[in-house]
Structure formats: structure tokens, C-alpha cells
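All remarks here apply to the structure that follows.
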Amino acid sequence: MLTSDDIRNRTITEDGQRMLEKAEHDQVRTVWDRYQAQLPQCGFCELGLSCRNCAMGPCRIDPFGEGPQVGVCGADADIIVARNLGRMIAAGAASHSDHGRDLVEVLRQVAEGKAPGYQIREEGKLRALAAEFGISGDGRGKEAVALDLAEALEEEFGTRKKELTLVRRAPEQRRALWTKLGIMPRGIDRETSEMMHRTHMGVDNNWQSLLLHGLRNALSDGWGGSLIATEVSDILFGVPRPVHSKVNLGVLKTDQVNILLHGHNPIVSEMIAQAATDDDLVALAKAKGAAGINLAGICCTGNELLMRRGIPMAGNHLTTELALVTGAVEMMFVDYQCIMPALGQVAACYHTRMISTSDKAGFPRMEHHEFHPDNARELARKLVTEAIENYPRRVPGKVKIPVEPVDMMAGFSVEAIVAALGGTVQPLIDAIVAGKIRGAVGVVGCNNPKIRQDYGHVNLTRKLIAHDILVVDTGCAAVANARAGFKVAEAAALAGPGLREVCGALGIPPVLHMGSCVDNVRITMLAAALANALKMDISDLPLAAAAPEWYSEKAISIGCYAVASGIYTVLGPMPPVLGSKNVTQLLTEGLEKVVGATFAVEPDPDLAADLIIAHINRKRAGLGLS
Ligand code: SF4
Ligand code: MSK
């Protein structure tokens, strides 16, 4: 039996607390219950000291020095910890990059006229990106340019070239450093493949070179796979522009057909969004007694829809089960990444139909309907029809929508921020030089049941903006900060006097929503744009990043490409590296001399903010700023 203290210790969110009470009443087990059941978790794994890379193992190193200090093959703690971290980076980079590849495939099929319902929405961005790849647009239609661009982007995944094309956006000093260190990213797939090779038994047994390749692998994500995902999403679905919306479980409607869209890739959700506005389907919903069709997003698919269409956001990672506990969801679509396999079981307690949509992501107790560009439009209409038909099966006694939604703004792509500044980043530079904005921090990443939901994101962000530090955010962090009310213009009142003045002048919140997890590249592109304008390196600027509640391998890849790009990064949960003093020391201190930035780990958001403020003050002093 959960006490009210137990519930408050799981999440700071009011909608989450109310739904945890209902889950208890409905006898639904959630991620927090399963976490409790796992305790104590394996200490060897927490330290990164276990290895099952081959069948001579599994092996583990005794951290107290009494048991074995090497695995069967002779690998010591440094090698095992570095290999494990390397494989986490590879998995994260592969996830983002495969997402990017899926979008390129849609771009190709649009160009070939084989993807009904999809279109090229941003011809200007298409032509600009094509020009970066040396593709001429002169006198050519957008489909012809798109076909060449799709081919060039496909080539980036397996290229034999010495560097990825889009690294040219990085400051010259940074590129020279990557070349000198031998970590310039080459083919996107190559770096991940090489990491898997290096970490096979009997290949790279030098922990330093393993970690250096980890940075290269992560750079292939941040300046390759993720960047391609974001750029192509913008071309196909539109460059985000400031938009008003609402957030939390209050976005679900008691009198409407509620459809939730969960995952990461906008390919499916954009088609559902189109179908949900078809007149005949809206009329069908009304014929079934509903006032309409209500779409809401959750996690990063939600962020994609929110950024471009202003579709309301139901919640972040740890809200995904609780959204089903409302009993008000007719259908949830999932694509891939961060989708808990438990969701089908939770949905089975209600009338909710769960639909998996990707050929590469299957889940227990879900119905699988595979979306491809050629069938997506029709399949979306069919399934939205079925969601409507599910509405009369809702059990009113089981429905509880716990709170009123909170207002928010989203849609701050780099293009939108530059437009808000009058067409150049110079006003932002001027505000930083004048000390009105002391620096900027990307607060990103997931939730993790080891940390009270949203506690890390919200408290870190609150302190940073109070110290005149602009926060840009993505992913689950962005949902947390919106839910806390930081994403309305009035939230400028929470900011320090300088940031408040700037926000007031521009009519923007002090916390800018920049998108989903692949969209962390929007943050690095903004950093690169500032550095390029100043002819400096990114590591010279008063910038930082934080992932206060991260859980996923993708977050590790993001953190590594941020640090390798010169951005100091503070993690909340400890990654599994403490089993090696050498690896820990390199990540938290030694990298400063190598790439001009390090990691820090600090789960207390108040202390994490202090670390970041001190870092920003040091960078300002280095630039001769007060
Ligand atoms: Fe053990 Fe070495 Fe095999 Fe890992 S690679 S399981 S340490 S023998
Ligand atoms: S959804 S990677 S839980 S941010 Fe992108 Fe959220 Fe983290 Fe997934």
C-alpha cells in the first residue's frame, strides 16, 4: 500500500500523483513498482564492472580488491568499464541515426512520388541543405533536388569519405582539434560498427583509445545521424516556429476521442494528425457521441508534433503509463524508443487499444500495424476510425482526468530564435557581453525512477534562470519545464533582472523549447552559430548542458557529443563508470585538456546549478566579461 509520502517521493507532478493514487486503486503496477522490485540492483553492473561480451564469461571485477581483478580473458576494470561505456554510446548513436535514416527513406519516396500524404513543406531548407552537399538547385524542381539530396544523405551513413559533410558547420578550431585527435567522424554506421568491433574480446584493450573512439562515435550521431533526422524532419514536416499549446494530463478530454502518440519519429504521427482532422472522421466521432477527436503527444513524438503543430503534450517518459491510467485513452500509437514494454499490460486494464507501427519495434500485448510511406495515409485513416469506434467502449466510472492543463509555448528552432532576434545571433551575443544573459544551458534528457519525476529538471532550471542564464531544453526535460509553468512569457518574472528584460523585450519565455531528443542538435547548431559569429571555439563560450534525470543510452551518446563539441555537461544519475578510477578521472577532469570540456555528475539540482554557474563565470572571465 503506497502512502501519500511514497507517492510524493515518486513524482513532483500533480497529475502524476493523482494518477499514482488511481493506479493503486486500479491495481496497476507502474515503472516505480517494478524499480522497487529490482532493488537492490547489481553493484557490479552499477560500477560498470561486469562483462558478458563473450562466452568465457560472464565476468566481474571485485571492487574491493579481494576477489578477481581481471576477467577470464585478462581484461581489467579500466578495459571493462571503457568497453561497456563504448557499447552504450554505440547503442545511443545507432538509435538516433537509424531514426535519421528512416526519414531519409521517406524523403526519397516523396521525391519518387511514392509517399502519398507526405510532401516537401520547406523547399528553402531543402535547397539550402542540398547546397551544403554540393547539389545544384538551379532550374531544377524540388523533387529532383530531393532525390539527389536523399542519395547524398544515404551516402553519409556508409561513406568512405574522411569526414561527414555537416561537420563543416562546426567552428574551424573544433574541426582541427577533431582531426588532430583522430576523432573526426566518418561514416555514421562506420563509427558504431567500429565501436562494436573494438569492444569484441581481444580487440581494443586500451581504455583511452576506447574512450576516444566513443567520442568519435558520439560525434557521428551529433554531427551526423541526429542532425540528419532533424534537418529532414524540418524539410518534410516544417521548420518549427513559436506556437502556443498546453501540457500535462489535463490535455486529455472527457468528451472527446483521445488518441495518444508516443515514441520519437514524426513519420507516423504526422499521418495520424492529418487523418484526425479529416471532415468525415470528425463527423464519425460526433456520430458516436464524442465532441471531436483529441490528439495529444507524449515523449518525443509528442515534442515533434508540439513543435510543428502545437498539438498538446500529455507528458514525458514516466507519464506514459499514467496517461493510460486516466482510462480516457481510446488508442495509443507507438513508433520506437523509450516505449516501455509494460504499456500493453497497463492498457489491458482499460479499454485502450495499443498500436505498434514500426517494422523494427514490436511490443507484447500490442496490435501491430506496420506503417510505410506508401500505406501510411490510408492506414492512419483506418486506425483513427477504429479509435473512434472504441470511444463507446470507454468505462465512465474508470475515467479520471486529474488536472487542468498548463499553458506553454514551443517551437524555438534555431531559425525561430534567429528570427525573434531580428535575423542574426548578434543581439544574443550583445546580451551575453552586457551580462544581461550570463550564459546559456541546454537542459535535456529523460526521467528516471531513481529520481523524483521532474524534480531535477525543474529545480535546476529554476535556479539557472534566476541567475540570468537562458535555458534551452528538449525531450522529457522540456515537458517537465513546461508542466512547471516555465514556458509562458509571464515566467520571465522567475528570471533574474537581465534575462527578464530580454524576455520581456522579445515576448519569449526564459526557457525555450527546442524539440525532441534528436533535436539536441538544434542546441549544438546554435552554439556553433554563436562560436562562428565570434570566430571562436564552442568551448570558449559561457555554455553548458545538463541531463538531470537521464536514463537512456541515447542520453550517453548526446552527452558525449556535447562534451566532444566543447560543452561542459552535468549528469544527474551516475553512469556505470565508477569501477574504473582512470575512466572516471578522464571523463570528469582529463577531457578538459583533450577537448576543452568535461562531464560532471551531481544528482542534487541545486548543487548542479552551482557547478554550472561557476563554469559559466569561469568562461565569462576567460572572455574578459564581468
Ligand atoms: Fe569475461 Fe573477457 Fe569475455 Fe568479458 S570479454 S566476458 S571479461 S572473458
Ligand atoms: S523521449 S530518450 S526518455 S528524453 Fe526522447 Fe524522453 Fe529520454 Fe526518451
Side-chain angles (χ1 to χ4, degrees), residues 31 44-45 48-62 68-84 86-88 91-93 95-96 99 198-205 210 221 226 229-230 261-266 297-307 313-321 334-340 442-449 451 453-454 456-457 473-481 513-520 523 545-559 571-573 579:
V31 60
F44 295 102
C45 294
L49 286 174
S50 52
C51 179
R52 51 179 177 74
N53 285 12
C54 86
M56 293 191 287
C59 304
R60 58 187 197 269
I61 305 295
D62 180 359
Q69 294 302 295
V70 289
V72 176
C73 66
D76 62 14
D78 295 336
I79 296 170
I80 289 178
V81 168
R83 279 197 310 219
N84 288 338
R87 287 198 168 195
M88 287 183 86
S95 302
H96 283 147
H99 168 170
R198 282 175 182 251
T199 53
H200 188 280
M201 203 304 272
V203 185
D204 192 353
N205 290 292
L210 276 167
D221 172 3
S226 279
T230 293
L261 300 154
H262 176 21
H264 278 79
N265 194 320
I298 200 154
C299 259
C300 282
T301 281
N303 281 322
E304 299 275 353
L305 292 166
L306 170 68
M307 290 284 287
M313 168 59 82
N316 49 9
H317 179 48
L318 292 188
T319 315
T320 53
E321 291 171 300
V334 304
D335 47 71
Y336 45 52
Q337 298 172 14
C338 304
I339 295 150
M340 287 190 257
V443 179
V444 309
C446 328
N447 298 134
N448 184 327
I451 293 191
Q453 185 189 14
D454 288 9
H457 299 308
D473 59 9
T474 60
C476 294
V479 180
N481 285 334
H513 193 323
M514 293 192 79
S516 64
C517 348
V518 290
D519 292 339
N520 282 312
I523 300 178
E549 304 178 31
W550 75 275
Y551 91 89
S552 90
E553 291 160 319
K554 292 179 292 170
I556 287 290
S557 177
I558 293 164
L571 303 176

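We count ligands from 1, going down the list as the structure has it; atoms in each ligand are counted the same way. Quick note: numbers below take in every heavy atom, side chains included, and nothing from hydrogens, waters or symmetry partners. From a predicted model like this one, the values you see are computed outputs, not experimental measurements.
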Practice task
Examine Cys73 and say whether one of its N/O/S atoms is closer to atom 2 (Fe) of ligand 1 than 2.8 Å.
Solution key: yes

Handout entry: Test item, Tyr551 contacting ligand 2 (heavy atom, 4.0 angstrom)
Key = yes

Exercise for the section: For Asn303 and His513, test the side chains for any donor-to-acceptor distance below 3.5 angstrom and give the result as yes or no. Expected result: yes

Exercise for the section: Within a distance under 4.0 Å of any heavy atom of Cys517, pick out the atoms of ligand 2 and give their elements. Expected result: 1 (S), 2 (S), 4 (S), 5 (Fe)

Fill in the blank from the handout: Of Lys554, Gln337, Glu304, His262, the residue with the heavy atom nearest atom 2 (S) of ligand 2 is Lys554

Handout entry: Atoms in ligand 2 with a heavy atom of His317 nearer than 4.0 Å
Key = 3 (S)

Exercise for the section: Assess Ser516 for proximity to ligand 2: is some non-hydrogen atom of it under 4.0 Å away? Expected result: no

Practice task
Report, in ascending order of atom number, the atoms of ligand 2 lying under 4.0 Å from any heavy atom of His264.
Solution key: 1 (S), 5 (Fe), 8 (Fe)

Problem - Atom indices of ligand 2, in the order listed, that fall short of 4.0 Å to a heavy atom of Cys299 - result: 1 (S)

Exercise for the section: Looking only at protein heavy atoms, identify the closest one to atom 4 (Fe) of ligand 1 and say how far it is in Å. Expected result: Cys51 SG, 2.3 Å

Problem - Residue Cys338 vicinity, atoms of ligand 2 by number, heavy atom under 4.0 Å - result: 1 (S), 2 (S), 3 (S), 8 (Fe)

Practice task
Examine the proximity of ligand 1 to His200 and report which part, side chain or backbone, both or neither, has a heavy atom under 4.0 Å away.
Solution key: neither

Practice task
Could you label the plane-to-plane angle of the His264 and His99 rings as parallel, tilted or perpendicular, counting under 30° as parallel and over 60° as perpendicular?
Solution key: perpendicular

Completion exercise
Residue, atom and distance of the protein heavy atom nearest atom 1 (Fe) of ligand 1 read Cys59 SG, 2.2 Å

Problem - Which residue and heavy atom of the protein sit nearest atom 6 (Fe) of ligand 2, plus the separation - result: Cys476 SG, 2.2 Å

